Asker: 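Sharing a structure with you now.
Predicted model, so just to flag it, every value in this text is computed and none were measured. Start at 1 and go down the list; that is how both ligands and their atoms are numbered.
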Amino acid sequence: MAHQGSCTVIVGCQWGDEGKGKIVDVLAENVDIVARYQGGANAGHTVHVGEDEFVLHQIPSGILHEGRRCLLGNGVVLDVQQFFEEYDALVARGVDIEGRVGVSSRAQLLMPYHRFLDKAVEHSAEVKIGTTGRGIGPAYEDKAGRRGVRVADLGNRARLTERIEAAQERTVRRLTELGAGTEDLDRAMDEALALGDRLLALSTEVGPEISAALRQGRSVLLEGAQGTALDLDHGTYPFVTSSNTTAGGAATGTGIGPTQITDVIGVVKAYTTRVGEGPLPSAFEPEMDEHVRTLGGEFGATTGRPRRCGWFDSVLTRLASQVNGLTGVAVTKLDVLDTLDELQIATAYRLPDGRVTEHFPADTWALGKVEPVYETMPGWKAPTHDVRKLEDLPPKARAYLDRIEELTYAPVRWVSVGTKRSQIIPVG
Ligand code: IMP
Ligand code: MG
């Protein structure tokens with residue numbers, strides 16, 4: 001198509017918390033629209049602007065760049081209370097967001113009963129997922145079960161009330177079965193519904209809006225949340241989130257076609273972390289775990305939980321490269337490794353039966369028992385925070401990046417060496 005602008009998807013290549021927020025913030029400099037395509041308030045995107053820290057849960061990280069239009073696509077599950085809390089907090093901090101935020105009329109509404117159910121199910125489950133408790137699973141269950149309500153339904157109060165009452169009744173029965181309380185649910189429902197008109201006023205047709213922008217040669221970023229290993233289909237099922245976090249989800253979750261996407265950038269942390277339950281094959285031994293968690297400040301942005309940490313796992317990043325069709329990689333938090341003597345990279349897994357594989361196994365319980373095959377690389381033992389050009393990085397750090405690129409089958413395009421906007425090295 002003539003005059004098509006660029007449409008770049010940003011995806012996490014590990015278990016979330018790769019630093020997508022920072023990369024989106026940096027790339028938002030050169031785009032007109034930033035859109036979220038899946039997930040909800042389970043995401044925690046931390047962005048530093050000057051001395052200020054912002055943690056965004058539902059509003060795209062592009063909001064911190066003046067004038068950018070920020071959209072929530074049909075693929076997201078929207079928690080209206082949490083949304084306006086975030087919205088009003090940005091306004092209170094002086095971010096000019098009037099007229100800049102749009103929500104898809106097709107986005108699912110995440111209702112208070114979804115949050116109640118998420119917590120109750122998790123509490124009583126034999127196999128715990130370690131969810132963020134934000135109601136994500138139950139909201140997507142209602143969507144797939146065709147029981148959900150969408151932003152557009154806010155325009156017809158009678159129908160909305162009918163559908164919500166039925167869903168709430170069902171949920172209360174479930175909660176009672178699970179022995180969970182329902183106090184405060186009615187109050188939370190009133191609060192959520194009271195925000196309905198305010199949300200409806202922001203509703204838009206996200207697919208057509210993005211397509212029109214692309215036709216006019218404008219640039220668009222589609223901001224993924226969570227990561228490839230948390231994808232409902234391709235991740236470590238059942239220890240995953242309930243949406244398609246990967247690049248395919250960017251098309252279905254915004255209402256454009258895959259051919260309109262021009263680039264897919266995978267964000268990989270220079271090591272690996274995971275929050276919540278489920279296997280982490282390249283996990284550190286306890287002492288190193290504690291050490292890197294402290295160096296990297298690895299605590300959940302949404303729940304405050306400590307993240308488990310481990311070595312860079314290229315079996316996982318190769319999966320990410322393949323599933324997402326990566327055209328480039330952004331490596332984040334390289335500086336966290338500045339003081340380590342030696343680094344390991346997982347290149348393959350030894351399965352319980354002794355076979356060695358370079359592929360990520362579908363059997364998550366087998367994945368829990370693999371022994372990673374490691375390659376050792378020397379540490380660079382020098383600070384990288386102030387480096388702004390690839391050639392100024394210590395040769396051993398460059399060798400580490402070269403190896404990541406080689407094993408992931410995608411070129412490194414950016415390297416982040418700190419939380420600040422300026423702490424980024426563009427490559428090539
Ligand atoms: P849920 O998305 O709240 O249902 O949680 C499912 C799994 O995904 C849990 O292991 C969570 O810890 C994990 N998870 C959800 N959102 C994020 C995120 O933004 N970063 C990292 N992990 C996440
Ligand atoms: Mg996060």
Asker: Between Trp15 and Phe360, how do the two ring planes meet: parallel, tilted or perpendicular, split at 30° and 60°?
Answerer: tilted
Asker: Aromatic rings Tyr374 and Trp311: how do their planes relate, parallel, tilted or perpendicular, breaks at 30° and 60°?
Answerer: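 Judged by the thresholds at 30° and 60°, the geometry between Tyr374 and Trp311 is perpendicular.
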Asker: For atom 2 (O) of ligand 1, what is the nearest protein heavy atom, given as residue, atom name and distance?
Answerer: Thr241 OG1, 2.6 Å
Asker: Of the protein's non-hydrogen atoms, which lies at the shortest distance from atom 3 (O) of ligand 1, and what is that distance?
Answerer: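 Here the closest protein heavy atom is Thr132 OG1, 2.6 Å.
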Asker: Among all protein heavy atoms, pick out the one at the shortest distance from atom 21 (C) of ligand 1; state its residue, atom name and that distance to 0.1 Å.
Answerer: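 Heavy-atom neighbour on the protein nearest atom 21 (C) of ligand 1: Asp17 OD2, 3.0 Å.
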Asker: Name whichever N, O or S atom of Asp17 ends up nearest to the Mg ion (ligand 2).
Answerer: OD1
Asker: By number and element, which atoms of ligand 1 are closer than 4.0 Å to a non-hydrogen atom of Trp15?
Answerer: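 Matching atoms, with element in brackets: 21 (C), 22 (N).
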Asker: Distance to 0.1 Å, residue and atom name: give those for the protein heavy atom nearest to atom 17 (C) of ligand 1.
Answerer: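 The protein heavy atom lying closest is Gln226 CG, 3.5 Å.
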Asker: Pair Tyr113, Phe116 - check ring-ring contact (aromatic ring centres under 6.0 Å, His included), show working.
Answerer: CA-CA 5 Å; Tyr113 48 76; Phe116 276 65; 9.2 Å; no
Asker: Classify the contact between Arg305 and ligand 1 as side chain, backbone, both or neither, using a heavy-atom distance cut-off of under 4.0 Å.
Answerer: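 It is the side chain that touches ligand 1; the backbone stays farther off.
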Asker: Can you find an N/O atom of Ile136 closer than 3.5 Å to an N/O atom of ligand 1?
Answerer: no
Asker: Nearest 0.5 Å, please: how far is CZ in Arg403 from CD in Glu375?
Answerer: 4.0 Å
Asker: If you have a sec, work out which protein heavy atom is nearest atom 5 (O) of ligand 1 and how many Å separate them, to one decimal?
Answerer: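 The closest heavy atom on the protein side is Thr131 CA, 3.3 Å.
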Asker: Taking 4.0 angstrom as the limit and counting only heavy atoms of Gly276, give me the atoms of ligand 1 inside it, by number and element.
Answerer: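 Counting atoms of ligand 1 from 1, those under 4.0 Å from Gly276 are 10 (O), 12 (O).
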Asker: More than 12 heavy atoms of other residues, nucleotides or ligands under 6.0 Å from NZ of Lys420: is that the case?
Answerer: no
Asker: So if I count the atoms of ligand 1 from 1 in the order they appear, which ones are less than 4.0 Å from some heavy atom of Gly130?
Answerer: 9 (C), 10 (O), 11 (C), 12 (O)
Asker: Relative to ligand 1, is Phe239 under 4.0 angstrom through side chain, backbone, both or neither, heavy atoms considered?
Answerer: neither
Asker: With a cutoff of 4.0 Å, is Ala43 in contact with ligand 1, counting heavy atoms of the residue only?
Answerer: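 Yes; Ala43 lies near enough to ligand 1 that a heavy-atom distance drops under 4.0 Å.
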Asker: Is it the case that more than 12 heavy atoms not belonging to His385 sit under 6.0 Å from its NE2 atom?
Answerer: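 Counting neighbours around NE2 of His385, more than 12 heavy atoms of other residues, nucleotides or ligands fall under 6.0 Å, so yes.
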Asker: Is it the side chain, the backbone, both or neither of Val240 that has a heavy atom closer than 4.0 Å to ligand 1?
Answerer: backbone
Asker: Cys13 and side chain to side chain contact (heavy atoms under 4.5 Å, CB included): which single residue from Thr408, Val331, Leu326 fits?
Answerer: Leu326
Asker: Check Leu230 against ligand 1 and report side chain, backbone, both or neither, counting heavy atoms closer than 4.0 Å.
Answerer: side chain
Asker: Are Arg93 and Phe54 in a cation-pi setup, meaning NZ or CZ lies under 6.0 angstrom from the ring centre and within 45 degrees of the ring axis?
Answerer: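 Cation-pi check for Arg93 and Phe54: passes.
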